[in-house]
**Student:** 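A single structure is presented below for examination.
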Number of protein chains: 2
Amino acid sequence: MRDEELQTVLPAAEANDKAEVRPLRRRKAQIRESNEAHLLASAESVFAEKGFDGASTAMIAERAGLPKANLHYYFPTKLTLYRRVLEDLFEDWHKAANTFDASADPVAAIGGYVRTKMALSRRRPLGSKVWANEITHGATHMRDILVERVKPWMDTRIVVINGWITQGLLAPVDPQALLFMIWATTQHYADFEAQIKALAGPRKLSQQAFAETTEQVVDMIIRACGARTPPRD
Amino acid sequence: MRDEELQTVLPAAEANDKAEVRPLRRRKAQIRESNEAHLLASAESVFAEKGFDGASTAMIAERAGLPKANLHYYFPTKLTLYRRVLEDLFEDWHKAANTFDASADPVAAIGGYVRTKMALSRRRPLGSKVWANEITHGATHMRDILVERVKPWMDTRIVVINGWITQGLLAPVDPQALLFMIWATTQHYADFEAQIKALAGPRKLSQQAFAETTEQVVDMIIRACGARTPPRD
DNA sequence: GTCTATAGACGGATAGAC
DNA sequence: GTCTATCCGTCTATAGAC
């Protein structure tokens, strides 16, 4: 499709634009945004199914409804695209992570975090698989994210958890072992979806069943760390 | 190396063989066994690092110290080799799984199973990664193992767990959710090794630290399902 | 910004001499 | 049973017309 045609398809609507941004350039930016978004979504699903090496740019492009050459126009290399998928996933993970607040009530904080992580596994299982796959294969393409972004987050939560233990609101657990258990258990429902389907039947993953399982997982983890609601003053 | 040479290298030692098995054939069988074993070990490590699609038969052969053509002599296709690795892994998993017995004491049974699974993650992390990778990518090459071997095992354990719940020795947990939590948490220490190293430091995975972590995990899971030692009669 | 055609490297698998 | 040479397909990435 030519730029001229796009112009006629999308007439006004740029009334609020800055004067120096011409309508044509704006339209091109929209095309770029849309195509990049499609490619990123397609890439997430292909990388989840095949892994980085197994995924082909041809399949990613095809699933996004574009010729392969266009993929390389937007993302110069397969690795560039992969990195963008990982960074995007981290942002989502990070938003979920911040629901684990430092409130005085560990039952609410941990329970809320587990529910959010379960919801994320439900909402974006493909992304979780890409993430898991990358780590299993050595995390070579995201070590910087782990060290510069995930580790600082974890260190602050370790302080919070140790604080709860000191106050007697939690059993004396190893905070890292607790966090690993939460991650492993919640992400299992995304990453091991195929196994769960084979063992428990597809019904196990229905909306209703997943909500019940979520509460089961919350209960187990709250018990696992011996969380107590703080006494009212 | 020629068969004649091998004959001279290995002189007697076949005294106990059946008469109809000639020494030369026996020696060939030993070569086959040794080469297959090397290839299987090498394949496990390459599949763990790169996944099925990412792994190349050239790299597997090289790591086993053989030319690529020899790999195809022992294993006609890459998929054949992969299947053998998966079947071998299942046998190991199955041995570990049977430490989860139906004893009257859930603390001993569950605790013992968790320790065995942690030991397996420690002893054979590459295998765990291959397994995880296969499931993440849809378990297409091992659905039969899941359905015919793992599921029957799981179903018997569900009965055992429900029995404990009925006796009041366990909180009323969903047995499947409990098993998934045990698998996810214990296998996390193998599959997410790279993340653990990046977040907790390599020291976290020392012999000593791992033993302590194992006990932490056992304690958390025992608490998670509210296991109680049965009263003495 | 789009798309056809293709370069150039590498993959799995095999032929055939030894 | 071993190994070199090679077939043929697919892959990433790019050139260049539109």
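Protein chains get the first letters and strands the later ones, always in sequence-line order, with residue 1 at the start of each. Note that these values count all heavy atoms, side chains included, but never hydrogens, waters or copies made by symmetry.
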**Student:** Out of C:dT2, C:dA13, D:dT4, which nucleotide sits closest to the side chain of B:A69?
**Tutor:**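 It is D:dT4.
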
**Student:** For the pair made of OH in B:Y82 and C1' in C:dG11, what is the distance, rounded to whole Å?
**Tutor:**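 After rounding, the reported distance stands at 18 Å.
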
**Student:** Want to settle it: does A:G65 or B:H72 sit nearer the 5' end of DNA chain C, counting the closest nucleotide to each?
**Tutor:**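 Comparing both residues, the 5'-ward one is A:G65.
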
**Student:** When the distance from CD of A:Q30 to P of C:dG1 is rounded to whole Å, what number comes out?
**Tutor:**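 My rounded result for the distance is 12 Å.
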
**Student:** Please tell me which of A:Y73 and A:G54 maps to the more 5' nucleotide of DNA chain D, matching each residue to the nucleotide holding its nearest heavy atom.
**Tutor:**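 The 5'-side residue here is A:G54.
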
**Student:** Have a look at A:A61 and say if it touches a base, only the backbone sugar-phosphate, or nothing, with a 4.0 Å heavy-atom cut-off.
**Tutor:**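 Nothing, no heavy atom under 4.0 Å.
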
**Student:** Check the distance between D:dA17's P and A:N70's CG and give it to me in whole angstrom.
**Tutor:**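 Rounded to whole Å, this separation is 18 Å.
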
**Student:** Kindly point out which of C:dG1, C:dG12, D:dT12 is positioned nearest to the side chain of B:T57?
**Tutor:**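 In terms of side-chain proximity for B:T57, the closest of C:dG1, C:dG12, D:dT12 is C:dG12.
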
**Student:** Let me know the distance between NZ of A:K50 and P of D:dC11, rounded to the nearest Å.
**Tutor:**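 It works out to 10 Å between those atoms.
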
**Student:** Nearest to the side chain of A:N35, which nucleotide is it out of D:dA13, D:dC3, C:dT2?
**Tutor:**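 The listed nucleotide nearest to A:N35's side chain is C:dT2.
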
**Student:** Provide, to the nearest angstrom, the distance between the NZ atom belonging to A:K28 and the P atom belonging to C:dG1.
**Tutor:**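 That distance rounds to 5 Å.
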
**Student:** Output the rounded distance in Å from CG (A:L71) to C1' (C:dT4).
**Tutor:**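 Distance, rounded to whole Å: 16 Å.
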
**Student:** How would you label the contact of B:Y74 with the nucleic acid (heavy atoms, under 4.0 Å): base, sugar-phosphate, or nothing?
**Tutor:**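 The answer is sugar-phosphate, as B:Y74 gets under 4.0 Å only of primed atoms, P, OP1 or OP2.
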
**Student:** Measuring only between side-chain heavy atoms, which start at C-beta, is A:L89 closer than 4.5 Å to A:W93?
**Tutor:**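 When only atoms from C-beta onward are counted, A:W93 and A:L89 do not touch, as no gap falls below 4.5 Å.
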
**Student:** What is the separation between atom NZ on A:K68 and atom C1' on D:dT14, rounded to the nearest whole Å?
**Tutor:**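 Rounding to the nearest Å, NZ of A:K68 and C1' of D:dT14 are 10 Å apart.
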
**Student:** Between A:H137 and A:F52, is the ring centroid distance below 6.0 Å?
**Tutor:**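 No - the distance between ring centres of A:H137 and A:F52 does not fall below the 6.0 Å cut-off.
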
**Student:** Side chain of A:I31, heavy atoms from C-beta onward: which of C:dG1, D:dC3, D:dC11 has the nearest atom to it?
**Tutor:**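 Comparing C:dG1, D:dC3, D:dC11 against the side chain of A:I31, the answer is C:dG1.
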
**Student:** Can a donor-acceptor pair be found between the side chains of A:S45 and A:R63 at a distance below 3.5 Å?
**Tutor:**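 Per modelled atom types, A:S45 and A:R63 side chains form a pair under 3.5 Å.
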
**Student:** Out of the candidates B:K117, B:K204, B:M118, only one should pair with B:Y189 under the side chain to side chain contact (heavy atoms under 4.5 Å, CB included) rule; please name it.
**Tutor:**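 Only one of B:K117, B:K204, B:M118 forms a side chain to side chain contact (heavy atoms under 4.5 Å, CB included) with B:Y189, namely B:M118.
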
**Student:** Rounded to whole angstroms, how far apart are CG on A:D53 and P on C:dA9?
**Tutor:**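 Roughly 19 Å, once rounded to whole Å.
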
**Student:** In terms of side-chain heavy atoms, does B:N133 have a donor or acceptor partner in A:T136 at a distance below 3.5 Å?
**Tutor:**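 B:N133 vs A:T136: no donor-acceptor pair found between side chains.
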
**Student:** So if I take every side-chain heavy atom of B:R32 and compare against C:dA13, D:dG1, D:dT12, which nucleotide ends up nearest?
**Tutor:**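 From the listed options, D:dG1 comes nearest.
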
